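For reference, the structure is listed below as C-alpha cells.
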Amino acid sequence: MVNPGDEVIYPDPGFPTYEAMIRVAGGVPVPIPLREENQFSFDLEVFDRNVSDRTKMIVLNSPANPTGGVIPLNDLRHIAAKALEFGCWVLSDEIYGHLAYDGLIVPSIATIPGMLDRTVICDGFSKTYAMTGWRLGYMIMPPALPSALNFC
C-alpha cells in the first residue's frame with residue numbers, strides 16, 4: 001500500500017511504531033500535530049497544508065495512544081473528503097475503540113459515505129479483553145485488497 005517515496009500522514013504524538021513502519025516501507029512520514037483544544041484530533045489546518053497527490057495513506061488512531069483523544073465526527077468527515085479528493089488510503093487503528101466511557105461514541109471513518117472502499121481498519125482483542133500478551137489482531141478491508149498485501 002506504501003511504496004518508497006510515498007508520503008504517509010500520521011498523528012503526532014502517536015504510537016511510535018507508526019513512523020517506524022512508514023520508514024520500513026520506504027515511505028516518507030508526515031506527522032500532523034494533535035491539538036488538545038480539539039480533543040487531541042488533527043490540527044486540520046496543518047493537515048490541509050500537508051495532504052497532497054504525494055500522500056498515499058492517512059493513519060488515524062481513535063481513541064488515540066497516548067492521548068486518549070477521540071476524533072470528532074466532523075473532523076473525520078473533513079479527513080474523509082481529503083482522502084477521497086486525493087485518492088488516499090486510510091489506515092484506521094481502532095484497537096482502543098471499545099475503551100470509551102461515559103457514553104462516548106467513537107465513530108469510524110469507514111462509516112462515512114465513500115470511505116468503506118478506502119479504509120483498512122486494524123483492531124484486535126488485546127486491549128478490549130485484557131489479553132495484551134496474546135497479540136491477536138485483525139484487519140477489515142475492501143475485498144480486493146488482501147491479494148495485494150504482503151503479510152509476514
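Values in this document were obtained by computation on a predicted structure and should not be read as measured data.
- In this structure, Y96 and N61 have side chains that are in contact, with non-hydrogen atoms separated by less than 4.5 Å.
- The number of heavy atoms from other shown groups lying within 6.0 Å of CG (L136) is above 12.
- Between N50 and I32 there is a side-chain heavy-atom pair separated by less than 4.5 Å.
- How far CD1 of I79 is from CG of L84: 12.0 Å, rounded to the nearest 0.5 Å.
- With hydrogens and angles disregarded, a donor-acceptor distance shorter than 3.5 Å links the side chain of D43 to the backbone of E45.
- Hydrophobic clustering, with ILVMFWY side chains joined whenever heavy atoms are under 4.5 angstrom apart, groups Y101 together with I95.
- V28 and F86 end up in different hydrophobic clusters when Ile, Leu, Val, Met, Phe, Trp and Tyr side chains are linked at under 4.5 Å.
- Between V106 and P63 the shortest side-chain heavy-atom distance falls below 4.5 Å.
- Summarising the geometry, atom CD belonging to E94 is positioned 4.5 Å from atom CD1 belonging to I121; distances are rounded to the nearest 0.5 Å.
- Residue V120 is grouped with residue Y18 when hydrophobic side chains (ILVMFWY) are merged at heavy-atom distances under 4.5 angstrom, including chains of intermediate members.
- Across all non-hydrogen atoms, the minimal contact from P142 to W89 is CG-CZ3, 3.9 Å.
- Here the side chains of I140 and D123 are not in contact, with every heavy-atom distance at 4.5 Å or above.
- Interatomic distance, D93 CG to F15 CZ, rounded to the nearest 0.5 Å: 8.0 Å.
- Judged by distance alone, with hydrogens and angles left aside, the side-chain atoms of S62 form a donor-acceptor pair with the main-chain N or O of I71 at under 3.5 Å.
- Atom CD1 of residue I109 and atom CZ of residue R118 lie 11.0 Å apart, to the nearest 0.5 angstrom.
- Residues L99 and L34 are members of separate hydrophobic clusters, defined by side-chain heavy-atom contacts under 4.5 angstrom among Ile, Leu, Val, Met, Phe, Trp and Tyr.
- Taking CD of E85 as the start and CG of D53 as the end, the distance is 8.5 Å to the nearest 0.5 Å.
- Not one N or O on the side chain of D75 forms a donor-acceptor pair closer than 3.5 Å with the backbone of P72.
- Applying the side chain to side chain contact (heavy atoms under 4.5 Å, CB included) test between I9 and each of I22, V59, I58, V46 identifies I58 as the sole match.
- Counting only N and O atoms by type, the side chains of Q39 and S41 include no donor and acceptor under 3.5 Å apart.
- The shortest distance between side-chain heavy atoms of L76 and S108 does not fall below 4.5 Å.
- Across all non-hydrogen atoms, the minimal contact from P13 to T67 is CG-CG2, 4.0 Å.
- Hydrophobic clustering, with ILVMFWY side chains joined whenever heavy atoms are under 4.5 angstrom apart, keeps V70 apart from F47.
- Of the inter-residue distances, the one linking L60 atom CG with F42 atom CZ reads 5.5 Å to the nearest 0.5 angstrom.
- Atom CD of E37 sits in a crowded spot, with more than 12 heavy atoms from other residues, nucleotides or ligands closer than 6.0 Å.
- V8 pairs with exactly one of M1, R54, M57 by the side chain to side chain contact (heavy atoms under 4.5 Å, CB included) rule, that one being M57.
- Classification of the F125-Y138 ring pair by plane angle, with boundaries at 30° and 60°, yields tilted.
- Contact of the R77 side chain with the L73 side chain is registered, since non-hydrogen atoms from C-beta on lie closer than 4.5 Å.
- Considering all non-hydrogen atoms of both residues, G27 and V2 come closest at CA-CG1, 3.9 Å.
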